[in-house]
Number of protein chains: 2
Amino acid sequence: MKTGNADRMVRIKDIAEKAKVSTGTVDRVLHDRGRVADDVRLRVLKIAKELNYKPNLLARALVKNKSFRLAALIPDPSIDGYWQSPKDGVEKAEGELKQYGIMVTQFIFDPFDANSFSKTADTLDATKFDGILIAPIFYRQSLGYFRQWKQKGVPFVLFNTHIPDYEPLMYIGQDSYQSGFLAGKLLHYGSKEKGTFVVAHIGEDIQNSSHLLHKEQGFKDYFFQHHLEKEHQVLPIDFQGNSSAAVAGQLEEVLQKNPQVKGIFVTTSKANMIAEYLHRKKVEGICLIGYDLIEKNLHYLENGTIDFLINQNPKGQGYYGIYALADHLVFQKKNQPIKYLPLDIITKENLQYYIDADN
Amino acid sequence: MKTGNADRMVRIKDIAEKAKVSTGTVDRVLHDRGRVADDVRLRVLKIAKELNYKPNLLARALVKNKSFRLAALIPDPSIDGYWQSPKDGVEKAEGELKQYGIMVTQFIFDPFDANSFSKTADTLDATKFDGILIAPIFYRQSLGYFRQWKQKGVPFVLFNTHIPDYEPLMYIGQDSYQSGFLAGKLLHYGSKEKGTFVVAHIGEDIQNSSHLLHKEQGFKDYFFQHHLEKEHQVLPIDFQGNSSAAVAGQLEEVLQKNPQVKGIFVTTSKANMIAEYLHRKKVEGICLIGYDLIEKNLHYLENGTIDFLINQNPKGQGYYGIYALADHLVFQKKNQPIKYLPLDIITKENLQYYIDADN
DNA sequence: TTGTAAGCGTTATCAC
DNA sequence: GTGATAACGCTTACAA
């Protein structure tokens, strides 16, 4: 039977009394604001440590009572529905943090247009914000802004895509390579006999999207590390075009040439396009794995055409992103530099717990 | 481009001014403390609503500065390692909430001894606590305490096992039935040819553990609902005894009698006992699914003997349990009555994200 | 029935 | 360099 430490919280006042100085002095020491004699400084520091002083975040936030303006640069969900979730997460966090003075302004750009990204980022006057959350899906274009923000001392948090240059306050998101590796496991588990697995890249500029290649590499490495290259051929394919019809045409051809295809791993959130074909043609015996719990995918997950979806908790990315900034600004907690969100394996049977309102 | 609402938070003082009364009166109205004229009451209420007043939780918690004593009734992790995680979760939450005056006293009992449970619960003087978190794994024995606590007005939160009688403040945990259903899916996906699936109950008094039966039922229903009863036989077995040796002996017999066993679903956290046998005997072609990320299971997950573990986020159960009480007591937020935690599917390849320090 | 004022722990602004 | 003191928004004695 263990009891939590019952002693009252140590306050600045306690330190002050013990050090025979005023609270103001203690505060200056604790915050390194200078203008304090060296011996006093050391004494206060020592006592603070002895007493294991922990600031009362409540009181701090209360007195600061400053409002913080955050900017969130998010791709347009009406163009790519995937981004609805991070947006929801941002708004959820905003709602919860409003009482701490957090206000979020959203800057929405076209995820398929690097220009739109730049233009939107240009309208964001960094001097007007205390922190920035951004999905830097265009690497080259992002760098310049990072440099500016760093210079101006505006902290920024990355989500979805990691760009370590210029040291963001934090990165929140996925481990692409490992998710591909996981997809390898899931397809192999479901289809152990000899066969071919297709890695389908759909509707993205592969050259500019290194995370898709990471996924592919992880997938290949699964079979490589398990010495399965002989039995299981991996066949990466770039599907051109963004319509179901275009994908269907190319897929038909692939399947004709490779009748021994046992599984398909879609590296983007477009698994529904493959599923549409498989379902319509009543193709059996091909396992299908994709990413992301978007509406269209869920439909095929529920009717059994898609076996698994790997979920990157996109809502959580937006949510924790805003929280990371708030923790930094309001509570002055320090953040870990990287937070990888779990690779959730979603199937029809456990889906409900991942789309519940408050996740 | 959408901007968060910029207006300053409405304070009690604002309402008071508008209603031409003092803050004290507003406070009394808002907290239903009576002693206030009816017309004033209505006026204040109306204005509060108009202004969309939301109390500043920070300030409230700060001034209350009351310490809350919570009791946590948890099974002994040194007897069943599973309980280490909820215990960790409780302690993590305690650490974070200490500054809000939350103190937790742990009451540890033997999970295999209903008597120990009762004795431990007896030592818990409910009048000394402001809230109770409990894993009520003994149904009959729990009821009496619930009744007492309800009577004394001490809020209690359940985790791991749901007992809706006497309306706990909240239940946090798993959906047993659905997890069995999920296990059915996973085994079937990995082994589609004709065969037998064993449902293994290990080391628990089945009659007293209705959740094990719920798991079994969910598992069976998966095959039933997919019209697979003809191809896939489900064979429930109660393994007697708690040692690996005992389990191995019984398992050997089962496998001899049923050479067509394609998968085993262990309804407890003891999958490692089955795995130990399969691994030692180098049995191939049997998929194995169990519960819970305990040390022994992880070993066999990592060497590939266990294919999947279903994780109920046990740490989260302890963590959210304490938080639920804190939200209620400190912040006076209202809780939802049930929080089902996701059924996480864990495999070797995504394990790392679920055992990371801060999950 | 209502108003006033002290105080929660921290920060920030003064005056010394 | 240092110490007093007023705020932040809310609760709660206590006074009126």
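Values in this document were obtained by computation on a predicted structure and should not be read as measured data. Letters A, B, ... mirror the listed sequences (proteins, then strands); counts begin at 1.
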Using atom [atom1] of [X] as one end and atom [atom2] of [N] as the other, report the distance to the nearest whole Å.
X       : N      : atom1 : atom2 : value
A:Lys13 : D:dA6  : NZ    : P     : 14 Å
A:Ile15 : C:dG9  : CD1   : C1'   : 12 Å
A:Ile12 : C:dG7  : CD1   : P     : 19 Å
A:Asn56 : D:dC8  : CG    : P     : 18 Å
B:Asp32 : D:dT11 : CG    : P     : 13 Å
B:Leu62 : C:dT11 : CG    : P     : 12 Å
A:Arg11 : C:dT11 : CZ    : C1'   : 16 Å
A:Glu17 : C:dG9  : CD    : C1'   : 13 Å

First encountered from the 5' end of DNA chain C, between B:Asp39 and B:Ala59: B:Asp39

task: Assign each of B:Val63 and A:His31 to its nearest nucleotide of DNA chain C by heavy atoms, then name whichever residue's nucleotide is nearer the 5' end.
output: B:Val63

At under 4.0 Å, does any side-chain N or O of [X] touch on OP1 or OP2 of [N]?
X       : N      : value
B:Thr25 : C:dT2  : no
B:Arg60 : D:dC10 : no
B:Ser22 : C:dT4  : no
B:Arg33 : D:dT12 : yes
B:Tyr53 : D:dG9  : no

- prompt: Contact class for A:Val36 (heavy atom, under 4.0 Å): base, sugar-phosphate, or nothing?
  reply: sugar-phosphate

- request: Report which part of the nucleic acid A:Arg41 touches: base, sugar-phosphate, or nothing (heavy-atom distance under 4.0 Å, all strands).
  value: nothing

field: CD/B:Glu50: more than 12 non-hydrogen atoms of other groups inside 6.0 Å
entry: yes

- prompt: Can you tell me if NZ on A:Lys150 sees more than 12 non-hydrogen neighbours from other groups inside 6.0 Å?
  reply: yes

- prompt: In terms of the angle between their ring planes, are A:Tyr166 and A:Phe146 parallel, tilted or perpendicular, with boundaries placed at 30° and 60°?
  reply: perpendicular

Side-chain donor-acceptor pairs under 3.5 Å in residues 318-325 of chain A, sequence neighbours left out?
{"residue": "A:Tyr319", "atom": "OH", "partner": "A:Glu96", "partner atom": "OE1", "Å": "2.7"}
{"residue": "A:Tyr319", "atom": "OH", "partner": "A:Glu96", "partner atom": "OE2", "Å": "3.3"}
{"residue": "A:Tyr323", "atom": "OH", "partner": "A:Glu96", "partner atom": "OE1", "Å": "2.7"}

message: Of the options D:dT2, D:dG9, C:dT11, whose atoms approach the side-chain atoms of A:Asp27 most closely?
response: C:dT11

- prompt: Could A:Arg11 and A:Asp14 be called an ion pair, given the rule that one side-chain N must be under 4.0 Å from one carboxylate O?
  reply: yes

query: Hey, which of these two, A:Val40 or B:Pro55, hits DNA chain D nearer its 5' end, going by closest nucleotide?
result: A:Val40

message: Using only modelled atom types and a 3.5 angstrom limit, is any donor from either the side chain of B:Arg28 or the base of C:dG3 paired with an acceptor on the other?
response: yes

